[in-house]
2 protein chains.
Amino acid sequence: MARPRKPLLSTGRIVEAARALVDAEGLAALSTRRLAAELGVSGPSLYNHFGTKDELLDALADSVSARVDLSMFEDGRPWRTALDDWARSYRAALARHPHLAPVLARGPGRRPAALRLADAVFGALTEAGWPPAQATSIGAALRWYVVGSALGSFAGGFVPDENAYDPADYPHLGQAHLLAERGGTVDERAFTTGLRALLDGFERQYAELPPRTA
Amino acid sequence: MARPRKPLLSTGRIVEAARALVDAEGLAALSTRRLAAELGVSGPSLYNHFGTKDELLDALADSVSARVDLSMFEDGRPWRTALDDWARSYRAALARHPHLAPVLARGPGRRPAALRLADAVFGALTEAGWPPAQATSIGAALRWYVVGSALGSFAGGFVPDENAYDPADYPHLGQAHLLAERGGTVDERAFTTGLRALLDGFERQYAELPPRTA
DNA sequence: ACCTGAACACCGTTCAAGT
DNA sequence: ACCTGAACACCGTTCAAGT
């Protein structure tokens, strides 16, 4: 066939297909050859649009970051409320593509949508009066918490086998096998509880800030 | 050669070599063939000791969990102090083997050392009077925070290139390229700040608990 | 510029064969 | 029981060749 008069591929179409594949079958199913087959082309064709598979993964991750709502930073909402909303929408976006969490965890690097996230959070905090160093810490802590929660379901980390956890070895894990069943609910409640604790804690630190001289 | 009179391999020796390889060259360098070569045997030999590569990874992850100090739960230390110490020693253990964080993030499953961690944390919280559901939430939140922090350096997620972040696109990221340089310090400070916030928040929730009837 | 098939240097895993 | 080499079905990536 060689070169068609109209390109068969585009970065957008590739990313779209990759996302569908990863969502359906996990990150391990994403091979360049498999993805190419899904797109009806041969393996090496992808290299006309991405330098490496890793660049493709970056673009894929950024397409998820791009879906995180940032509107809560637009009006003059209090920083705590804005961060609360942002953490939830960030988590929701990751929950829609759980297999991509490990890629998102890499950090923003040069990915535009991920950088817009970082910029919005940092900007909101400094404008609320947080010193830059503390704004950085808060952004990092929230990011770690959200990404950590998206990456490993806590409840799903246990096995639903009633006999998996011998009371002689683990005296306090008698009910742990139940976690796997009601996984989603347990994780949701834990996320909310932890987020509230984090924000309560930051609010306390905010109250101890020296008065603004601006 | 076929079977030697004394076994050449043992699960311990394999895990040890795997850890050295991953620490030195990252998770991607750990292939069964490469690891076997490192051990002076042929690739398939490993399958006499592990069913799959994934089982090997589980054992590898658990060897890290086994190194997390749990002594802070032994004496009757207040729950907050114990959790604070635990989170730091957990993070320190992961920081010593950063490439293994993605594997640790999978959750305890059937890994004995990881289960001992979960058991100790949950036990300490319930014995301090936390209701089981909230103890679960706190354990999950702390785990997410620690694993998240070990998995993705926040500072290292940015690029040390002075021109990487155009002020026109990201008005608040003017100093972000500096993060990559002083990465370790930035991450450490953020970890401490976030951990304090989390524990402050949980302490506040603890104070609001209905009085114990035990 | 954008696609192809062939090729290189890898993978994880199975299995019959050896002792 | 524990190792071997050969084999199967894969990988990511390069590259000359086609239009």
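Chain identifiers are assigned alphabetically (A, B, ...) following the order of the sequence lines, protein sequences preceding nucleic acid strands; residue numbering begins at 1 within each chain.
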Notebook entry, point to check: Can you tell me if A:R143 uses its side chain to pair, donor with acceptor, with the backbone of A:A105 under 3.5 Å?
Noted result: yes
Any side-chain N or O of [X] under 4.0 Å from OP1/OP2 of [N]?
X: B:H49; N: D:dA1; result: no
X: B:S42; N: D:dC3; result: no
X: A:T32; N: D:dG12; result: yes

Next item on the list: Hey, which sits more toward the 5' end of DNA chain D by its nearest nucleotide, B:S10 or B:R33?
Entry: B:S10
Item checked: Residue whose nearest DNA chain D nucleotide is more 5′ - A:P44 or A:S31 -> A:S31
Check: Under a 4.0 Å N-O cut-off, is there an ion pair linking B:R77 with B:D85?
Finding: yes
Check: Under 30°, 30 to 60°, or over 60°: which ring-plane class applies to A:F154 and A:F158, parallel, tilted or perpendicular?
Finding: perpendicular
Note to self: Less than 6.0 angstrom separating the ring centers of A:Y145 and A:F191, yes or no?
What the structure shows: yes
Check: Does C:dG5 have a Watson-Crick or wobble mate here (both distances under 3.5 Å), and if so which one?
Finding: D:dC15
Note to self: My understanding is that a pair needs two contacts under 3.5 Å, Watson-Crick or G-U wobble. By that rule, which nucleotide pairs with C:dC10?
What the structure shows: none
Margin query: Any base atoms under 4.0 Å from B:L30, or only sugar-phosphate, or nothing? Heavy atoms, all strands.
Written below: sugar-phosphate
